[in-house]
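Treat the numbers as computed from the prediction; the structure is a model and nothing was measured. Because only heavy atoms are used, hydrogens play no part in the values below, and waters and symmetry mates are left out as well, while side chains stay in.
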Amino acid sequence: QVQLVESGGGLVQAGGSLRLSCAASGRTFSSYTMGWFRQAPGKERDFVAAITGSGGSTYYADSVKGRFTISRDNAKNTVYLQMNSLKPEDTAVYYCAADTTPRGWLVARTHAYRGNYDYWGQGTQVTVSS
């Protein structure tokens, strides 16, 4: 069982920055691919970013590439999402998720599929005002 707790959401003006954190339980955190997803009102939960267990590979949705950075600290069982140059369209509830299945090189193809993530946090609201 893995528990995920997000923090760091809030209200920010367009062009501003926020840093989300996700603290995870579990003794094998460093083996999990971790992802961030977001869900705006009336829309589906979409992929934002993912990072492999070692942190050696990262993946981003086109809409956030160049503005958001995912990172992790395995000593602290924590994954981060640094969000810069925020836009009103980034407004959503942001969810942290863990994929605990070892996928090897296949993670390059599977990281954006929310069905592969078996544990989810409760979400944190990010609101960007124009």
Side-chain angles (χ1 to χ4, degrees):
Q1 189 76 9
V2 178
Q3 292 184 325
L4 303 173
V5 180
E6 301 101 332
S7 60
L11 173 64
V12 64
Q13 288 188 333
S17 298
L18 281 175
R19 188 195 197 202
L20 305 183
S21 299
C22 173
S25 65
R27 290 177 288 180
T28 56
F29 175 77
S30 62
S31 69
Y32 307 156
T33 293
M34 298 298 296
W36 287 97
F37 290 73
R38 66 186 181 186
Q39 188 167 17
K43 296 189 176 181
E44 292 191 350
R45 192 172 297 187
D46 292 331
F47 169 76
V48 174
I51 186 167
T52 55
S54 66
S57 295
T58 56
Y59 308 92
Y60 297 93
D62 288 343
S63 60
V64 306
K65 206 170 290 184
R67 299 188 298 122
F68 291 10
T69 302
I70 189 171
S71 62
R72 67 191 297 159
D73 184 339
N74 286 339
K76 296 182 178 179
N77 276 23
T78 302
V79 63
Y80 305 97
L81 186 67
Q82 177 67 43
M83 305 185 296
N84 298 330
S85 302
L86 282 161
K87 305 174 181 180
E89 50 263 44
D90 294 318
T91 295
V93 177
Y94 283 71
Y95 296 90
C96 170
D99 178 1
T100 62
T101 300
R103 302 187 189 276
W105 65 270
L106 284 173
V107 70
R109 298 186 180 181
T110 63
H111 58 271
Y113 177 48
R114 64 177 185 263
N116 284 337
Y117 291 82
D118 34 12
Y119 296 97
W120 294 81
Q122 81 289 351
T124 186
Q125 176 70 47
V126 171
T127 303
V128 184
S129 63
S130 57

Practice problem: Show your working on side-chain contact (heavy atoms from CB on, under 4.5 Å) between M83 and V12 and close with a plain yes or no. | Solution: CA-CA 11 Å; M83 305 185 296; V12 64; over 6 Å; no
Quiz item: What are the two closest non-hydrogen atoms of Q122 and Y95, and how far apart are they?
Solution: O-CE2, 3.6 Å
Exercise. Could you state whether V126 and V48 fall into the same hydrophobic cluster, counting links through intermediate Ile, Leu, Val, Met, Phe, Trp or Tyr residues with side-chain heavy atoms under 4.5 angstrom apart?
Key: yes
Quiz item: Taking the six-membered ring for Trp, is the centroid-to-centroid distance between Y59 and F47 below 6.0 Å?
Solution: no
Quiz prompt | Least distance between heavy atoms, S30 atom then N74 atom | solution = CB-ND2, 3.4 Å
Quiz item: Closest approach of R45 and W120, non-hydrogen atoms and distance?
Solution: NH1-CE3, 3.4 Å
Self-check item: Flag side-chain contact, heavy atom, 4.5 Å: Y80 against D73
Solution: yes
Quiz item: When rounded to the nearest 0.5 angstrom, what distance separates OH in Y117 from OG1 in T110?
Solution: 7.0 Å
Practice problem: Keeping the roles fixed (side chain from T69, backbone from Q82), state whether a donor-acceptor pair exists under 3.5 Å. | Solution: no
Quiz item: Are any non-hydrogen side-chain atoms of S63 and R38 less than 4.5 angstrom apart?
Solution: yes
Quiz item: Quick one: OH on Y94 to OG1 on T124, what's the gap to the nearest 0.5 Å?
Solution: 10.5 Å
Self-check item: Any C96 side-chain heavy atom under 4.5 Å of V79 side chain
Solution: yes
Quiz prompt | Ion pair check, D90 and K87, cut-off under 4.0 Å | solution = no
Quiz item: For P88 and A14, which heavy atoms make the closest approach, and how far apart are they?
Solution: CD-CB, 4.1 Å
Self-check item: Pairwise distance CH2(W105) to OG1(T52) - rounded to 0.5 angstrom
Solution: 15.5 Å
Quiz item: Is there a path from I70 to F37 through hydrophobic residues (I, L, V, M, F, W, Y) whose side chains come within less than 4.5 Å of each other?
Solution: no
Quiz prompt | T91/Q125 under side-chain contact (heavy atoms from CB on, under 4.5 Å): CA gap, chis, key distance, verdict | solution = CA-CA 8 Å; T91 295; Q125 176 70 47; 4.0 Å; yes
Quiz item: What pair of heavy atoms forms the shortest contact from G123 to E6, and how long is it?
Solution: N-OE1, 2.9 Å
Quiz item: R72 side chain to G55 main-chain N or O, any donor-acceptor pair under 3.5 Å?
Solution: no
Self-check item: R67 and Y60, any side-chain heavy atoms less than 4.5 Å apart
Solution: no
Exercise. Could you tell me the separation between the NE2 atom of H111 and the CG atom of N116, rounded to the nearest 0.5 Å?
Key: 10.5 Å
Quiz prompt | Distance in Å, L20 CG paired with W36 CH2, rounded so as to fall on 0.5 Å steps | solution = 4.5 Å
Practice problem: Would you confirm whether S25, through its side chain, and Q3, through its main-chain N or O, come within 3.5 Å as a donor-acceptor pair? | Solution: yes
Quiz item: Which heavy-atom pair separates L81 from A49 by the least distance, and what is that distance?
Solution: CD1-CB, 4.1 Å
